[in-house]
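Only one structure is covered here, and it is reproduced in the block below.
In what follows, every chain begins at residue 1, and chains take the letters A, B, ... in the order their sequences are listed.
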2 protein chains.
Amino acid sequence: MGVVTEPQPSRRRATVHDVAREAGVSRGTVSRVLNGGYVSEQARAAIEAAIRTVGYVPNTAARNLVMQRSRAVGFIVHEPHALFLEDPNIGAIMLGANTVLSDADLQMVCLVTDSARDTERVTRYLSGGFVDGVIIVSARAADPITDAVVRLGVPAAFVGHPQTTVPLPWVGIDNFTAARDITRQLAKTGRKRVGMVAAALDRDSGADRLAGFKEALGDTFDPDLVVEIPLYEYTAGLRATQELLERAPDVDGIFAASDAVAAGVLTALRRSGRTVPDDVGVVGFDDSSWAERCFPPLSTVHQPAAGVGERAAQLVVAQLAGQDVPRDGVLLDSPIVWRDSA
Amino acid sequence: MGVVTEPQPSRRRATVHDVAREAGVSRGTVSRVLNGGYVSEQARAAIEAAIRTVGYVPNTAARNLVMQRSRAVGFIVHEPHALFLEDPNIGAIMLGANTVLSDADLQMVCLVTDSARDTERVTRYLSGGFVDGVIIVSARAADPITDAVVRLGVPAAFVGHPQTTVPLPWVGIDNFTAARDITRQLAKTGRKRVGMVAAALDRDSGADRLAGFKEALGDTFDPDLVVEIPLYEYTAGLRATQELLERAPDVDGIFAASDAVAAGVLTALRRSGRTVPDDVGVVGFDDSSWAERCFPPLSTVHQPAAGVGERAAQLVVAQLAGQDVPRDGVLLDSPIVWRDSA
DNA sequence: TTGTATGCGTTATCAC
DNA sequence: GTGATAACGCATACAA
């Protein structure tokens, strides 16, 4: 079944030394054409030719060692795998970050950690100067990675509010206000009994969205109309809605803590024979790419995910350039996108 | 607004030298307790204490340099950003790969390249021994990264068939057979005029799915019933369906090249007043998490994305262990998942 | 303009 | 068991 790899060419990689020998110059001169410096046209030509013939490529480790920097920035996603897949924002955040990092000629290396072993290894990497800076997505309370970053003083930016007492630069959105506003708008469509499927209350995003919901409803808030689930997740959202419907068959509006949850809400509603938005109005949160593909298309809060990634990256790029950055949060706009589900 | 970072602690990181001095031993002994070797209990205790007090962490670059390896494996996604976000499989593949890499105590570093600049930088990294091996997702024809990998002899595994003449290990699914089978099943639901929204014909996956579709239909295949779009994408799928409907209002079955495309098909069908699956049967490809959240839930081909990632990772782990691996493709099962859209 | 020498932080090979 | 010492591949200050 197929050819097999021959036992390693084991052809030693060419070094500066080889190039120098081939070109008949010293290693210093070679290094100079590589990094820019005074060098005669003649020597340059000879060296560039030599580089091609010996197939030279600079060694990252050696360069990092002497330069004391790696020109790489870590993008750390510390999430259980399931959630990583579920969350449509992470990809966009990552791409946004990569855009500005790339412009600064910095290599983004994405490290995803699920197990404790992963975390331990990533922490080791961070400490060892593997990266010059780091962007951390969804750090949790008492996160060992966060601790390491703070302890080592690695230039960093967090996406979402880091749950720590240490002042750290972070970027996110105002979940509270956005949740409050979209709930109000939902209520204004004439709903009398509006409930919520709240999720991820152990994170600031989840907790703030619930708080915003309460704020919007004020006196009319009824704790019986909110059911909580642990993660932003479709299936849990579906189940929660079934429970909500049982508890209060007269709900006519539902705020789902995320679009994925909202999709579950829609399915549950459809199965119960209710129509959206006529019988029940539904709003979500995220404005993921699937929001407009739901049926009916979801009214939701737009998360500027790419923008968040870009901003976070800018924050570490600035620190790498020696600039001071505010060690607190920067909030990006999260406008409401009104479609057909409410 | 907020505190600012103090101008760099600039506290030099502790080295083995510092530890040795603190513990009153030589650097060799320190290295020995770090990497396992004969060392007296007494010395070990002193050194471990010293490590804590000076806050020593090993330097990755230095270690990589002397060890001639990095214990890191690159996961390279070479895609336009839009597609990266659209493709629900990439995340799962990545997580699958990370699982087995993590078990082998290898750090997965994910490099995403969109611009030419990205590509150039990643190529540099690869060449420089930044990683010991590499997993490449969706390499294209004449891909500079693929070229570099082949030229350098870096242990690698491809996800999907690399478009090159060089024999390389890869893992994927049999798009042709899967497409053929699900098309047959769609036809068997009594459809007389079945069309296809074909996508990404410049890749093996897209081309093979179209070929399978043709094969299934045999004599009844009508080229007028297939419309092509460049990428696996919702909006393009929607437009394409509108065109198809105009061209052939009597279609009663549609094979969408992916779930995202299928979502577009569903929307177009709904807008045209047709019901699914009564008027038109629809099938997709991928079995992404949103397939079951469509309305109606999508009949589709299940892609074992996590499995693909795992297998690819195993392939490079094996090579890193000095084992020979077949330099051809390994195909994973991609069963049909029948739901309600056809 | 170019060559030489030194150091970056580790590991590994020796004697001791 | 332990301590010197030589690589590893590169950049750079300094001498030429």
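In the set D:dA4, C:dC8, C:dT2, C:dT2 carries the atom at the smallest distance from any side-chain atom of A:Ala43. Closest approach to the B:Tyr38 side chain among D:dG1, C:dT2, D:dC10 is made by D:dG1 (side chain taken as heavy atoms from C-beta onward). In the set D:dT2, D:dA11, D:dG3, D:dT2 carries the atom at the smallest distance from any side-chain atom of B:Val39.
B:Val57 comes within 4.0 angstrom of sugar-phosphate atoms only, judged by non-hydrogen atoms across all strands, and of no base. The residue B:Asn64 sits apart from the nucleic acid: no heavy atom pair falls under 4.0 Å. Here A:Ser31 lies in heavy-atom contact (under 4.0 Å) with a base.
The side chain to side chain contact (heavy atoms under 4.5 Å, CB included) test with B:Val131 singles out one residue from B:Leu106, B:Val316, B:Val109, and that residue is B:Val109.
Along DNA chain D, the nucleotide nearest B:Arg44 and the nucleotide nearest B:Leu65 are compared for position; the residue whose nucleotide lies closer to the 5' end is B:Arg44. When the nearest nucleotides of DNA chain C are assigned to A:Arg27 and A:Ser40 by heavy-atom distance, the more 5′-ward of the two goes with A:Ser40. Projected onto DNA chain D by closest heavy-atom contact, B:Gln42 and B:Val66 fall at different nucleotides, the more 5' of which corresponds to B:Gln42.
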**Prompt:** Under the side-chain contact (heavy atoms from CB on, under 4.5 Å) criterion, do A:Thr113 and A:Val77 qualify, and how do the steps go?
**Reply:** CA-CA 6 Å; A:Thr113 73; A:Val77 182; over 6 Å; no

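The shortest distance between the side-chain N/O atoms of B:Asn59 and the OP1/OP2 oxygens of C:dT10 is not below 4.0 Å. Contact check, B:Gln68 against C:dT10: no side-chain N or O comes under 4.0 Å of OP1 or OP2. Within the 4.0 Å cut-off from OP1 or OP2 of D:dG3, at least one side-chain nitrogen or oxygen of B:Ser26 is found.
Classified by interplanar angle (parallel below 30°, tilted 30° to 60°, perpendicular above 60°), the ring pair A:Trp170/A:His161 is tilted.
Look at CZ on A:Arg21: it is 18 Å from C1' on C:dT4, rounded to the nearest Å. Atom CZ in A:Arg63 sits roughly 19 Å away from atom P in D:dC8 (whole-Å rounding). Rounded to whole Å, the distance from CG on B:Asp18 to C1' on C:dC8 is 13 Å. One can place CE of A:Met67 at 7 Å from P of D:dA11, the figure rounded to the nearest angstrom. Following rounding to the nearest Å, B:His17 (NE2) and C:dT11 (P) show an atom-to-atom distance of 15 Å. Put simply, CG on B:Asn35 is 9 Å from C1' on C:dT10, counting in whole angstrom units.
One finds no salt bridge joining A:Asp132 and A:Arg71 here, because no Lys/Arg side-chain nitrogen approaches an Asp/Glu carboxylate oxygen to under 4.0 Å.
Checked by distance alone, B:Arg32 brings a side-chain donor or acceptor within 3.5 Å of a matching partner on the base of D:dG3.
In terms of modelled atom types and a separation under 3.5 Å, the side chain of A:Thr29 and the main chain of A:Val25 share no donor-acceptor contact.
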